[in-house]
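Structure first, then comments.
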There are 2 protein chains.
Amino acid sequence: MDIQPLLAYIQKHVTLTPEEERYLAEHITIRRYLKGQYALQQGDVCKHSSFILKGCTRMFYVDDEGQEHIIMLCVEDWWSSDIGSFISQEPAQFNIQCLEDTAFAQFHVDTIEEVYAAVPKLERFFRKILERGLAASQKRIIRNFSMTAKERYLYFKETYPMIEQRIPQYMIASYLGITKEFLSKIKRQLAKEA
Amino acid sequence: MDIQPLLAYIQKHVTLTPEEERYLAEHITIRRYLKGQYALQQGDVCKHSSFILKGCTRMFYVDDEGQEHIIMLCVEDWWSSDIGSFISQEPAQFNIQCLEDTAFAQFHVDTIEEVYAAVPKLERFFRKILERGLAASQKRIIRNFSMTAKERYLYFKETYPMIEQRIPQYMIASYLGITKEFLSKIKRQLAKEA
DNA sequence: CCTAAAAGTTAATCTAGTTTAACTTCTTTT
DNA sequence: AAAAGAAGTTAAACTAGATTAACTTTTAGG
């Protein structure tokens with residue numbers, strides 16, 4: 001598996017020299033999972049910062065009543081880790097499951113600080129994508145408070161048209177914070193309107 | 001106003017030399033606002049990354065129906081900016097209003113990259129607090145989906161006991177994503193239980 | 001190609017939280 | 001100390017979305 005998608009993604013934010021690219025490639029591991037497998041399980045410690053080269057994952061939380069809540073649906077060019085567990089090295093609160101055969105490019109927690117020190121541009125890169133991630137997360141909180149379920153669904157469809165095709169409806173419902181039954185009702189309504 | 005609280009906060013994450021501290025102090029501006037004033041208004045561009053030395057703010061969004069939604073309540077030692085607007089230099093979606101007389105230590109967007117270049121430890125520092133911020137934001141999304149309003153209120157009280165005293169109830173209700181009437185009902189219920 | 005399991009639908013009933021509106025404190029200003 | 005505005009409370013009527021349960025359709029494995 002080629003790490004080209006990762007390099008291309010990084011180059012959008014910082015410009016690496018060929019040497020730096022080589023160093024990067026040496027400090028990254030490729031890891032593959034089959035559809036259905038877990039890249040991380042609630043309770044385990046998250047040891048990797050993982051970029052999706054190919055495939056698709058869901059990050060979800062199982063609450064005290066046994067109900068699943070999807071926080072993120074990730075496809076190619078997304079980072080899919082429990083960042084809370086990764087930085088604290090405490091047990092993860094989230095599960096990450098592959099929804100298709102998936103290949104990750106992974107930084108290991110034990111060497112990432114060393115990588116930042118050797119290639120400060122990579123620390124800059126992560127600083128930048130964390131800024132974007134935090135801004136996006138705050139906007140999501142707002143959407144959850146200020147939009148109805150129907151509006152959230154329409155926003156999701158419009159913003160991630162490619163994701164809807166690849167993922168079962170009941171997972172999209174969970175991502176939107178509603179039941180699959182209610183999403184079904186929303187879709188019927190929308191079909192009637194059109 | 002002394003920037004000591006900021007220095008102490010930074011030193012928790014990275015260790016600055018006296019020289020670096022001096023450089024930092026030269027690239028920071030102190031800005032004061034009175035209770036009720038806006039440090040940022042929806043539609044303006046956020047030019048500063050602001051740390052609260054003293055005081056207290058709310059960051060909120062006004063939706064199409066004119067309703068206010070509070071995303072963050074910030075006190076001393078918190079960063080209070082619209083990070084989405086700050087990094088893109090596009091109009092802010094959020095307002096930041098001071099709920100008490102407030103003093104900020106501010107980095108200006110035009111010089112912050114220069115500061116990162118001069119003191120890479122500061123970029124490291126921001127990378128770390130962004131990681132924490134993103135992890136916290138994800139956990140908040142989960143709480144909003146998996147807890148009832150009553151549970152969210154109890155969590156808030158327990159996690160930020162000092163904030164509840166300083167801020168009107170109706171703002172706490174907005175932060176929790178409920179109406180002030182319903183928070184009132186929850187409090188009555190809790191009082192009865194005890 | 002068959003069959004079982006997974007995914008999606010429909011509809012009735014129920015509930016957490018909203019809306020509206022009237023009322024009661026509590027603060028602040030004069 | 002009075003007045004007025006801001007903050008908080010109460011209760012009745014309402015609604016978005018959950019729950020339950022029975023059903024249909026799609027998918028994938030043997």
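The figures here come from the full heavy-atom set of this structure, side chains too, leaving out hydrogens, waters and symmetry mates. Every chain is numbered from 1, with letters handed out A, B, ... down the list of sequences.
- Ring geometry for B:Y9 versus B:F51: interplanar angle of 30 to 60°, hence tilted.
- By the 6.0 Å contact criterion, CD on A:Q165 is enclosed, its count of non-hydrogen atoms from other residues, nucleotides or ligands being greater than 12.
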Footprint string (nucleotides 7-24 of chain D, 5' to 3'): B base within contact, S backbone only, - free, heavy atoms under 4.0 Å | SSSBS-----BSBBB---

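- Because its NZ or CZ atom is not both nearer than 6.0 Å to the ring centre of B:F145 and within 45° of the ring axis, A:R140 does not count as a cation-pi partner of that residue.
- Not a single side-chain hydrogen bond (donor to acceptor under 3.5 Å, both in side chains) links B:K12 to another residue, sequence neighbours left out.
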Below 3.5 Å, can you tabulate the donor-acceptor pairs from side chains in residues 149-159 of chain A to any protein atom, sequence neighbours excluded?
unit_1, atom_1, unit_2, atom_2, d
A:K150, NZ, A:E193, OE2, 2.6
A:E151, OE1, A:T148, N, 2.8
A:E151, OE1, A:T148, OG1, 3.4
A:R152, NH1, A:L176, O, 2.4
A:Y153, OH, A:E164, OE2, 2.7
A:Y155, OH, A:R143, NH1, 3.2
A:T159, OG1, A:Y155, O, 2.6

Please write out the pairs of protein N or O atoms and N or O atoms of nucleotides 28-30 of chain C separated by less than 3.5 Å, giving the distance to one decimal.
none

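- The side-chain hydrogen bond (donor to acceptor under 3.5 Å, both in side chains) pairs that include a residue from residues 110-120 of chain B are A:R127-B:E113, where partners are two or more places apart or lie in different chains.
- Rounded to an integer number of Å, the gap from NE2 of B:H69 to P of C:dT18 is 11 Å.
- By the 30° and 60° cut-offs, the orientation of the rings of B:F94 relative to B:Y61 is perpendicular.
- Note: A:F125 and A:W79 have tilted aromatic rings, judged against thresholds of 30 and 60 degrees for the angle between ring planes.
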Under the salt bridge (charged side-chain N to carboxylate O under 4.0 Å, His left out) criterion, do B:E76 and B:R166 qualify, and how do the steps go?
-> CA-CA 12 Å; B:E76 288 80 11; B:R166 292 169 73 170; 2.9 Å; yes

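- The rotation axes computed at either terminus of the helix from C:dC1-D:dG30 to C:dT30-D:dA1 lie 50° apart, taking five pairs at each end and rounding to 10 degrees.
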Tell me, with the steps shown, if B:K128 and A:E123 meet salt bridge (charged side-chain N to carboxylate O under 4.0 Å, His left out).
-> CA-CA 10 Å; B:K128 288 188 179 189; A:E123 186 150 36; over 6 Å; no

